[in-house]
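Right, one structure below, let's go through it.
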2 protein chains.
Amino acid sequence: MVSNRGSRPRSRGPSIEDVAGLAGVSAQTVSRVANEADNVRPATRERVLQAMDRLGYTPNRAARALRNGAFGSIGLIARTFARTGEALTTQSVVEAAEAQGYSVTLLAVREPEANGWRHAVQRLSHQAVDGLIIIRAEETTPESFLLPRGLPVAVSDSRFIGYYPDVGADQVQGTRDAVEYLLGLGHRTVHHLAGPADSEPAMTRNASWHRTLEGAGISPPAVWRGDWTAQSGYEAGREIVADASVTAVYVANDDMALGLLSAAHEAGRRVPEDLSVIGFDDIDLSRFAHPPLTTVRQDFDRAGRELVRLVLQQLAEPGSVRYDERVLLPTTLIVRGSTAPPPAP
Amino acid sequence: MVSNRGSRPRSRGPSIEDVAGLAGVSAQTVSRVANEADNVRPATRERVLQAMDRLGYTPNRAARALRNGAFGSIGLIARTFARTGEALTTQSVVEAAEAQGYSVTLLAVREPEANGWRHAVQRLSHQAVDGLIIIRAEETTPESFLLPRGLPVAVSDSRFIGYYPDVGADQVQGTRDAVEYLLGLGHRTVHHLAGPADSEPAMTRNASWHRTLEGAGISPPAVWRGDWTAQSGYEAGREIVADASVTAVYVANDDMALGLLSAAHEAGRRVPEDLSVIGFDDIDLSRFAHPPLTTVRQDFDRAGRELVRLVLQQLAEPGSVRYDERVLLPTTLIVRGSTAPPPAP
DNA sequence: GCCCAGAATGTTGACGTCAACTTAGCACCG
DNA sequence: CGGTGCTAAGTTGACGTCAACATTCTGGGC
């Protein structure tokens, strides 16, 4: 803690004592009114409420937190909140948390290495939040830092799976659906543009693609690899579209798939006539791509809700959630215009 | 506060006293070590650090907050965090805040009406955070609720402009650049697909488009209106592309512009040969649209940094920021493939 | 009018931290 | 070797809230 804030406390607002004074009651009675206890005479309650209103009183959450040992806040740790997947998950976590009376405190991990994560956890952990949600922890492993004991944690799409309860889309089935759909259209094989090697969902999709092809008696070709961004999809795409033998590509997410589409246009390779493309996520814009993108939809909304549920359940009843519990959310193959049978040879 | 959390305080972690006991020093000495005071003998410091490490001690932020009157957290209020603009701003706010040792607490406003905002402010206000950032407050006005006095606030793209210090892209200039660019290509007029009527930036862009046309001696045609989503852009787009007299459209954001592009493809209307399109924002995917989207880039990153700066400056020196201060961030016209001279008649 | 049960309200103390003040320890000086 | 001037470490109290306990009402029964 290097910063110097707090050296000159900012002007504090009215406290429970101020309200009590104005209303002519004790602080405890004010507390009771604030907490909606039922053993307060209506007349008294009214007087207190008016005093609160007049002073603009709001309970001091720090004091409450100190007293109760609870913060009313859930920590959310991620590398970034700007990418589609994270943004959607964040939004749904916020909504679900708020429905339960919790707010959400964000912390971005700046340095991808374990140190950054350690720092983030240090800052959020244990004392500032009642529980922790970790999404897309890609670059570090659970051994690299210790979380305070007893702090409820839930993770999504991260390498912490198996160490903490986890929520995630059914990557395996979603991938199989996509690959088998392409094979069903008549493609001889399906190529793969994967996500970064340190990402759990990327590797799971990669592995499932691999297994599905093998299951169909096809020897899997070499994979391309991107970093989830459209830019990386475009760059890999330039190589992919230059290879005329490629007729179908399963791309690990929609952003990269859209980048690939762009590369195809640029090279004059027609989608889906010459090349079929399937993405993963079903982000809003996929529907409006040219052509509209066939993709595997995952339910970010539900993921957020489940993450919050897992944390709050641990909070309510410690030990009620197994550390290796996995919530697998079904995916749906959304067929649009970017897939078709392979071109006649 | 309806929830019942806190009734059974969760097991607390080690406190400063525990560390002190183990290290054989007083609590104050532990505090000094924790706060990196320099008047501690190295040997003592070492002993304390080891005790901290052994117990897994982290300072209790609630107690700190109570003591200091500061929380080390900035509140961020918005309707959603999932949309492009909000997500990018959120990310940069988080980064900027963290650089200053602050975390960010999110609160989504569920009901768009004033009540929802009031509720949000109630919950975040005054006690849970040291300052407040409000982005895209579209549906309510500043009069509809009161913020606690003395709470630093900064806003962006909201109708609170003029009431609180504000950060935002230079909509006026950005719009003028776009419209004049299209006119310069030879278009007789420029149509407009606007954002929602209750949005401040939408109305500013609308007004600037209007004025620019008038300035060029052109009577502005009727506007279409969307809700920022690609879907709404697509729907308006179906009408727009059906009108053969439209040769150029200035769209209030990229998402809608991409929706419009999709409608154009569907109708067989070629972009840019038959129809020129300009968006606003320059989101990642715009570059990879088909054709790549000409757009007005705004600097979300800088916006986040400025918002945090404004809040922290008020915190450091109350009264040092005027309530009507405006930070206007320059925009850049990014010319890509979606714009061209009008078709020959 | 008096007593009593139960409801309403008040009092006390503790949550963990740290600024401000106080005391102990030590080196150096004449 | 006592004193001086530091530095290091300890003690105290207050931040705002609320559970637990203590006290004071209130109204009803006799």
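Hydrogens, waters and symmetry mates play no part in the numbers below; they use all other heavy atoms, side chains included. By convention in this document, chain letters (A, B, ...) are assigned in the order of the sequence lines, proteins followed by strands, and residues within each chain are numbered from 1.
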Checklist line | Rounded distance (Å) that lies between atom P of D:dG16 and atom CG of A:Asn35 | finding: 17 Å
Notebook entry, point to check: Does a side-chain N or O from B:Asn39 land closer than 4.0 Å to OP1 or OP2 of D:dA9, or not?
Noted result: no
Next item on the list: Can you check whether any acceptor in the base of C:dG16 is under 3.5 Å from a donor in the side chain of A:Arg67, or vice versa?
Entry: no
Note to self: Can you tell me which nucleotide in C:dG16, D:dG10, C:dG10 comes closest to the side chain of A:Val25?
What the structure shows: C:dG10
Margin query: Please pick, from D:dC18, C:dT17, C:dG10, the nucleotide with the shortest atom-to-atom distance to any side-chain atom of A:Ile16.
Written below: D:dC18
Note to self: Given D:dG16, D:dG10, C:dT17, identify the nucleotide with an atom nearest to the side chain of A:Ser15.
What the structure shows: D:dG16
Next item on the list: Please state how far atom CD in B:Glu17 lies from atom C1' in D:dT11, giving the value in whole angstrom units.
Entry: 11 Å
Check: Cut-off 3.5 Å, side chains only: do B:Ser73 and B:Thr105 have a donor facing an acceptor?
Finding: yes
Note to self: To the closest 0.5 Å, what do you measure between CG (B:Asn39) and OG1 (B:Thr44)?
What the structure shows: 10.5 Å
Next item on the list: Starting at atom CD of B:Glu46, determine the distance to atom P of D:dA9, rounded to an integer number of angstrom.
Entry: 13 Å
Next item on the list: Calculate the interatomic distance between A:Asn68 atom CG and C:dG13 atom P; express it in whole Å.
Entry: 20 Å
Next item on the list: State whether a side-chain donor-acceptor pair under 3.5 Å links A:Arg67 with A:Asn60.
Entry: no
Check: Think A:Thr44 has a side-chain N or O under 4.0 angstrom from the OP1 or OP2 of C:dA8?
Finding: no
Next item on the list: Select one nucleotide: of D:dA9, C:dT17, C:dC15, the one nearest the side-chain heavy atoms of B:Arg41.
Entry: D:dA9
Notebook entry, point to check: Taking B:Asn68 for the side chain and B:Ala65 for the main chain, is one N or O donor matched with an acceptor at less than 3.5 Å?
Noted result: no
Check: With nearest nucleotides of DNA chain D determined for B:Ala63 and B:Arg32 from heavy-atom distances, which residue corresponds to the more 5′ nucleotide?
Finding: B:Arg32
Next item on the list: For B:Gln313 and B:Glu317, test the side chains for any donor-to-acceptor distance below 3.5 angstrom and give the result as yes or no.
Entry: no
Checklist line | Residue A:Gln28, side-chain atoms from C-beta onward, closest of C:dT11, C:dC18, D:dG10 | finding: C:dT11
Margin query: Closest approach to the side chain of A:Thr29, judged atom by atom: which nucleotide of C:dG10, D:dG10, C:dG16 is it?
Written below: C:dG10
Notebook entry, point to check: Given D:dT17, C:dT9, C:dA19, which nucleotide is nearest the side-chain atoms of A:Arg64?
Noted result: D:dT17
Note to self: Nearest whole Å is fine: how far is C:dA8 P from A:Arg45 CZ?
What the structure shows: 10 Å
Next item on the list: Kindly say if A:Asn60 contacts the phosphate of D:dC15, meaning a side-chain N or O under 4.0 Å from OP1 or OP2.
Entry: no
Next item on the list: Name the closest nucleotide to the B:Leu66 side chain, picking from D:dT17, D:dC15, C:dT17.
Entry: D:dC15
